[in-house]
Amino acid sequence: MSEAYNPSDVEARLAAEWESQGHFKPDLNAPQGPFSIVIPPPNVTGILHMGHALNNTLQDILVRWKRMQGYSALWVPGTDHAGIATQNVVERQLAKEKITRHQLGREKFVEKVWEWKEQYGSTIVRQLRRLGSSCDWSHERFTMDEGLSKAVQHCFLELHKAGLVYRGYYLVNWCPRCQTALSDEEVTHEEVKGHLWYIKYPVTLGGEIVVATTRPETMLGDVAVAVHPDDERYKKYKKNQELDLPLIARRIKFIQDPAIDMEFGTGAVKVTPAHDPVDFLLGQKYGLEAIRVIDPDGRMNEQAGPYAGLDRFKCREKIVADLEAHRLLDKVENHKASVGHCYRCKTIIEPMLSPQWFVRMKPLAALGIEAVEKDGMRFVPERWTKVYLDWLNNIRDWCISRQIWWGHRIPAWYCKRCYPEYTQRQQRGTLSGTLVIDEGHAGIVVSAQAPSSCPRCGGKDMVQDEDVLDTWFSSWLWPFSTLGWPEQTKDLATFYPTSVLVTGQDIIFFWVARMVMAGKFFLKKIPFKDVYIHGIIRVEGGKKMSKSLGNIIDPLEIIERMGADGLRFSIAHMASEGQDLYLSENKFLIGRNFANKLWNASRLILDPAPDAASGAPAVPGQSSTLHKTKEGSAELRAAGTPSVSPVALDSPSLTVADIWILTRLEEVTASVTESLNEYRFNEMARHLYQFVWNDFCDWYLETAKLQREDNLEQTERVLRYVLERTLRLLHPIMPFITEELWRKMGGQGTISKAIWPEADLSKKGSVKVAQAIGEFGSLKSIIGAVRNIRATFRVPAKEKVKLLIRVKFAEDLFLRNEKLIKRLGQISELTVGPDILPPPGSAAAYSGSVSLFVPLAGLIDIPAERQRIQKEMESLQTRAQSKKGRLNDPTFRNKAPADVVAEEEESLKELEGELSKWAESLKQLQ
RNA sequence: GGGCGAAUAGCUCAGCUGGUUAGAGCACUCGGCUUACAUCCGAGAGGUCACAGGUUCGAUCCCUGUUUCGCCCACCA
């Protein structure tokens, strides 16, 4: 084995092998039944970033763990077609060749996107494999697959049948760059510094009303000015008053509505129903006309008169200038407002009146609420429940049509004769009346296939809706569409509902809530019971990780340098429940170093010792005949387990170190399993790290090196036993290195199918075990004390010292472990007895009932020693003092539980004992 | 405007239902290439647990308020 662990040698090879062997197909005969997770499908355009690395590491830990526990574990991978994002990518690519999608035409363009998908779309799933994700790749799905497309269509038709899909003429969020409508969730609001312009609107019969606006360009579409009915300032104007819209001569109305805030601006507001959500509602309420002055591309249209053709922001400048020229601008204030931006391209959203398809969400939201209130779905951390419910309780209808080409076509058909007539009528009308489009009336047919004729006029010319569906309209079916729905497949019956969803907080609305609604609506069951919401990845300093900030930490580069296991371990170690993760490069060292530590510990155990000169190898390799599998052992049920003999804690020949490490192994097994049960990934990592590094390597291996000289066979058995089981505990978090080492131990097949260890803490309380643990603790603490003394007095590492231990009981413990104490403390001569007196010039230390002395005549530095003792005493005194205070307080004695009081008394006694010994030392130093 | 999260060592963070001496990694200091590992070993230093009240025998932890930072939601024209 190489001196340093080299992950790149191992990982790619194993990832390929795992897949080719089909290890991650669910074992349908697994004893514990199904366990399933569907991956949050990354965008096909995506490349692996830290968010994916986190998300998939956590999922993989769960899946590998459950698989080892004997579940029929299925992790369904796949990708999302990401309508707008993907279309944008391909459009940009075409732009390099100076081609627009319009030049290409729809069919050719969609073909191009598919080509792009075939060529680059597998990037991210390849990267997921590299991360070690144990997905069942034969189950991989894409949201535009034939099956999933069928599911989408079925879904649309069913919802339509249930009256939950409708076409309506509403004000929607419009991205002038992407040239499509967006749902409310696809708009991100950002605070933008702007201005509040106060514009004078002349009243027809004399006087003027000053209105305040942040968007002067929309005044061209104004149809009214509104004030609060109680506003004294405007009482003089009658209801049927009219005003003259400045710049373009047009009469507009004067209305009074209690929704107007008298405090804001002048208390008078211009009303632009075609370009403002609030005004749209007012328009509806008062039957106002909606005049659209901005076109889908963000330019002013012919309704804008002299401003037609100008970009909306250029128009704003010109309007302001013109108003100023006409002295119609009263004043300008600085003003901050939250402005909607397209979540894909960051362009400022334009509220735009247009006909779109919507899903009626209220009835579905009720199902979503029911999921947590009745069906037992829970969020981890729990606080997200409130966020989820608040959204559902205030839900608005979901705009699902997109004016792009890449996506699922809407199964709706328009009569070429009726529909244009209808829309023209609609656009000329006012906002009173219903805004839901009566399909029969408008010449629209919702159906999977093209209808032969228009049911209204009998026209034969029916064309399919040009629009496609929102990407999330396919993702919300993901937990069941990937299992074959709407067909009643075996997969669906077995693996739905899934077990847990692991995702980020940013898509609770987009995705999680909608999946719950769809799952409940179509399958009558919640799609998953637990929703684990992990944090968002950031970089140190709190900024978002983004290309434009140039602060990306690329997981692939980290994998390159630290190994996938190193990356995974580091990430899991940082992922404390639901908290955001702040990353920096050096945080990944922990995982890399840990893997190397594990590698080298294994090397010590598995590699034959190099000093062949001293006769037989100190450590036989795995070929040794000493380690034959014991038949029928519960530990060894899994086929192919390396030859490891179970070590029973009550075996008589075990040393205190053996018993201690074996007990720690049981403890860590219990803690790791418990941590996983509670989705505490960071604790899992910490427990394993602490156990492997501090307990196993720092103490047990050092002890074992010596033990091997005396009792090779047994020590080997313990070493191999602990290592093999530790590898299994580590496997979910570090799959590659554990597989590699497990095989080096002689494991056949794959560790990913080995059995998850079960903790046995039953022996922990036995007298023998408890005593051994206490005794090993004493050994550790006296070795620690000696090392401390050595360091304090700068005893050169190679120079050995004498050690005297004064102890009334258990002398033989120290004699039995003389070799260990001597080796780890660099001791030349050890004396143990009940009546030992410190030789002059000794440094002393006290721990419990043990006193130890290190003769350092000549080396000892009296002031330093005095300082060391005083410091020790000070800390003991502080502690004793606070305990005394507590114990002298009668209320503490009365109210605190008896065991707490007893404990305090006990520990005070101990402190005082130690304190007096230190005091004695100090005296002797004089 | 509403809600959520965070504030603990120089840095980044743990600390699960209140109970000896508040932990880790990195950085730092001292000493070591000790035959698994310098991606290492040994020993240290470093904290008024943001602030102010309260509950309690006892508060980093529970309650109230304040400050700072971050995020989410909202029809702030």
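Letters A, B, ... mirror the listed sequences (proteins, then strands); counts begin at 1.
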Checklist outcome for this item: Of S576(A) and A595(A), the one whose nearest nucleotide on RNA chain B sits closer to the 5' end is S576(A)
Checklist entry - Start at the 5' end of RNA chain B and walk down; is the nucleotide closest to R823(A) or to N593(A) reached first? => result R823(A)
Out of [options], whichever nucleotide has its closest atom nearest the side chain of [X]:
X       : options                : answer
D698(A) : C37(B), G32(B), C41(B) : C41(B)
K597(A) : U39(B), C75(B), C37(B) : C37(B)
F509(A) : C73(B), C76(B), G32(B) : C73(B)

[atom1] spacing across the pair [N] / [M], given as an integer number of angstrom:
N      : M      : atom1 : result
G19(B) : A6(B)  : C1'   : 26 Å
C13(B) : G70(B) : P     : 14 Å
G53(B) : A59(B) : C1'   : 13 Å
C16(B) : C30(B) : C1'   : 37 Å
G10(B) : U67(B) : C1'   : 23 Å
A9(B)  : G3(B)  : P     : 29 Å
U34(B) : C40(B) : C1'   : 11 Å
C71(B) : G25(B) : C1'   : 26 Å

Quick one: [X] [atom1] to [N] [atom2], roughly how many Å, whole number?
X       : N      : atom1 : atom2 : value
W599(A) : A38(B) : CH2   : P     : 15 Å
M873(A) : U21(B) : CE    : P     : 18 Å
R603(A) : A38(B) : CZ    : P     : 8 Å
I507(A) : C73(B) : CD1   : P     : 14 Å
N694(A) : G42(B) : CG    : P     : 9 Å
L887(A) : G58(B) : CG    : C1'   : 12 Å
L598(A) : C40(B) : CG    : P     : 14 Å
E904(A) : U20(B) : CD    : C1'   : 6 Å

Between [X] and [Y] (judged by ring centroids, cut-off 6.0 Å), do the two rings come close enough to count as a pair?
X       : Y       : answer
H228(A) : F264(A) : no
F254(A) : Y201(A) : no
W384(A) : F379(A) : no

Item to check | Under 3.5 Å donor-acceptor pair, E3(A) side-chain atoms to A38(B) base atoms | outcome: no
Checklist entry - Taking atom types as they are modelled, is there a donor-acceptor pair under 3.5 Å from the base of U21(B) to the side chain of R879(A)? => result yes
[X] and [Y] ion-paired at < 4.0 Å:
X       : Y       : value
E912(A) : K884(A) : yes
D889(A) : R893(A) : no
E903(A) : K883(A) : no
E350(A) : R215(A) : yes

Next on the checklist: I'd like to check the salt bridge (charged side-chain N to carboxylate O under 4.0 Å, His left out) partners of K705(A); sequence neighbours left out, ordered by chain and number.
Outcome noted: E702(A)
Next on the checklist: Taking salt bridge (charged side-chain N to carboxylate O under 4.0 Å, His left out) as the definition, give me every residue that meets it alongside E678(A), ordered by chain and number, with sequence neighbours left out.
Outcome noted: R680(A)
Within the 4.0 Å heavy-atom criterion, would you say [X] contacts the bases, only the backbone, or no part of the nucleic acid?
X       : value
S907(A) : base
R561(A) : nothing
L824(A) : nothing
P897(A) : base
K386(A) : sugar-phosphate
S338(A) : base
D261(A) : base
E799(A) : nothing
R686(A) : sugar-phosphate
R383(A) : sugar-phosphate
W197(A) : nothing

Phosphate oxygens OP1/OP2 of [N]: is one of them under 4.0 Å from a side-chain N or O of [X]?
X       : N      : result
R794(A) : A43(B) : no
W693(A) : C41(B) : yes
R396(A) : A74(B) : yes
K883(A) : U21(B) : yes

Checklist entry - If you measure only the distance, is there a donor-acceptor pair under 3.5 Å linking the side chains of N334(A) and H195(A)? => result yes
Checklist entry - If we ignore angles and hydrogens, is there a donor and acceptor under 3.5 Å between the side chains of E186(A) and S183(A)? => result yes
Checklist outcome for this item: Encoded 5' to 3' (Watson-Crick or G-U under 3.5 Å; [ ] crossing; | other strand), RNA chain B becomes (((((((..((((.....[...)))).(((((.......))))).....(((((..]....))))))))))))....
